[in-house]
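Being a predicted model, the structure only gives us computed values, none of them experimental. Counting convention: from 1, in listed order, for ligands and their atoms alike.
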Amino acid sequence: MRRVLFFLNPLLMQRRNRRALVEGLAHQLRGEGCEVELQDTLSAHSAGEQAKEAVAAGFDTLFVCGGDGTLFQVIQGVAGSEAAIGIIPFGTGNVLAQNLRLPRDPVSAFALLRSAQAVSVPLGRITCKSPGHAQDRTWYFTIAAGMGVHAALMNLAPTGNGKRVGGRAAYFTGGIRLLLQHPVDPFDLQLTLADGSERTLRASELIAVRVPEINIWRPGGNLEAPLLQVAVVPETTRLGLAHASYHALLTRKSSGHSRLPYPEYLTATQLACRPIQSHVYQSPLLVEADGEVIGLKRATITIAQRRLRLLWPR
Ligand SMILES: Nc1ncnc2c1ncn2[C@@H]1O[C@H](COP(=O)(O)OP(=O)(O)OP(=O)(O)O)[C@@H](O)[C@H]1O
C-alpha cells in the first residue's frame, strides 16, 4: 500500500462526522508514509470512471467508503486491474462486507483491512438492455444479479435515500409490500449447469449469487469459485412466490409437502433469461446487479474473464 485513494459517497458522509472519521484514517496512513487522497464520487454513475482514472494515475489501493451500490460502480472501472479494493462499510446493506466478515463499525473494519492481503476473486458479468440505450450494456458484479420482483425492491430506493430512512428494515417492509402489489410475471430461463448440461425452465424469480450470505438469506455461493449459485422460483402465482420467499429466507427448505413452490438452487456457469413472446406483461421485467437496477426484459449472466483484487482479512 503506497498510493491510496479513499472514495467517499457524499450522500453517506453527511451524518455524525463521517467525513472527519475518513480524514482521520487517511491521516493514519500518511503517518506511515503512504501518499493518500480523498475523492467524492461525483454522481450516482461516475465512480467507475473515476476509479479507472485513479488506477491509470498509479493508485494501488482504493478504499470505498460507501455501500454495495457505490462499490458496484467502482468495480466497473477497476475490474481486471492490479489495484486492491478495500470496503469501509458506510452503507445500509453492506452485503459484501458481511461476506468478508468485516465489522460493521468503519474504524474497526479499516483496522483489519490495512493489514489484509488482497485476494483475487472472480467477478460475475451481466449483459442486459439498459433503459435509454440502443445497445446492450455489460456490468461486473460481486454479490448477485437477477430478474423478477426482487429487482423491483431495489427500485424502491434507487439512490439509497429511502433505504437509509428505514435502514435494513425498509428492505423487508418494502419486500412485503411488493409481494402484495407487484405483478408476478413469468420469463424463460436457459442455464448451463456446472457439469456442462443445459436446462431450460419457465421462472418467476431468478437470482444468480456469488456470495454465501445476503442479509438473513443463505444462498450458499462461493466468492472464490468461478461459478454462479442460482436460486430460481419456477413459474408461479403471487402466493407461490410468497411461499418460496418465506422458505428461502426463514426455514431454508428447498423441498417439502406443499404444492406451492420452494426455492430451487442450481450451480451454473452461464444463464440467459428473456421474456415469453406470447405473454402480456403488466410492468417491465426489471434486472438488477448488486442491488442496482440496471436493465429490463432480458439478461445474460456468466463469470467474467476479469477478476477483482479484494482486501480480505482472514
Ligand atoms: N455522488 C453521488 N451522487 C448521487 N448518488 C451517488 C453518489 N455516489 C454514489 N451514489 C449512489 O448512491 C447509491 C447508494 O449508495 P451506497 O450503495 O453507497 O449506499 P447504500 O445504498 O446505503 O448501501 P447498500 O448498497 O450497501 O445498501 C448508489 O446507487 C450509488 O450509485
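Using modelled atom types and a 3.5 Å distance limit, the side chains of Thr192 and Glu198 yield a donor-acceptor pair. Side-chain contact of Asp290 with Thr142: a donor-acceptor pair under 3.5 Å is present, judged by distance alone.
When each of Leu266, Ile301, Thr269, Thr200 is paired with Leu191, the side chain to side chain contact (heavy atoms under 4.5 Å, CB included) condition holds for Leu266 and for no other. The one candidate from Leu71, Leu113, Leu311 that meets the side chain to side chain contact (heavy atoms under 4.5 Å, CB included) condition with Ile85 is Leu71.
For Leu11, no nitrogen or oxygen atom sits less than 3.5 Å from a nitrogen or oxygen atom of ligand 1, counting backbone and side chain alike. Polar contact with ligand 1: present for Ala44 (N/O pair, distance under 3.5 Å).
Taking every heavy atom of Gly66 and a limit of under 4.0 angstrom, the matching atoms of ligand 1 come to 18 (O). Shown in contact with Leu42 at under 4.0 Å from a heavy atom are these atoms of ligand 1, numbered in order with element: 1 (N). Applying the 4.0 Å criterion to heavy atoms of Gly93 picks out, from ligand 1, the atoms 24 (P), 26 (O), 27 (O). Less than 4.0 angstrom separates some heavy atom of Glu292 from each of these atoms of ligand 1: 28 (C), 29 (O), 31 (O). Applying the 4.0 Å criterion to heavy atoms of Gly69 picks out, from ligand 1, the atoms 17 (O), 25 (O). Atoms of ligand 1 found under 4.0 Å from any heavy atom of Pro10 (numbered from 1 in listed order, with element): 1 (N). Each of the atoms 26 (O) of ligand 1 lies under 4.0 Å from some heavy atom of Asn94.
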Going by atom type alone, with no hydrogens or angles, which donor-acceptor pairs under 3.5 Å involve a side-chain atom of residues 22-29 and a protein atom two or more places apart or on another chain?
residue : atom : partner : partner atom : Å
Gln28   : OE1  : Arg114  : NH1          : 2.3

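Taking Ile, Leu, Val, Met, Phe, Trp and Tyr as hydrophobic and joining them when side-chain heavy atoms fall under 4.5 Å apart, one finds Leu260 in a cluster with Leu239.
Heavy-atom neighbours of Arg259 CZ from other residues, nucleotides or ligands within 6.0 Å: at or below the threshold of 12.
Assignment of Gly291 to the shell around ligand 1 is not supported, since no heavy atom sits closer than 4.0 Å.
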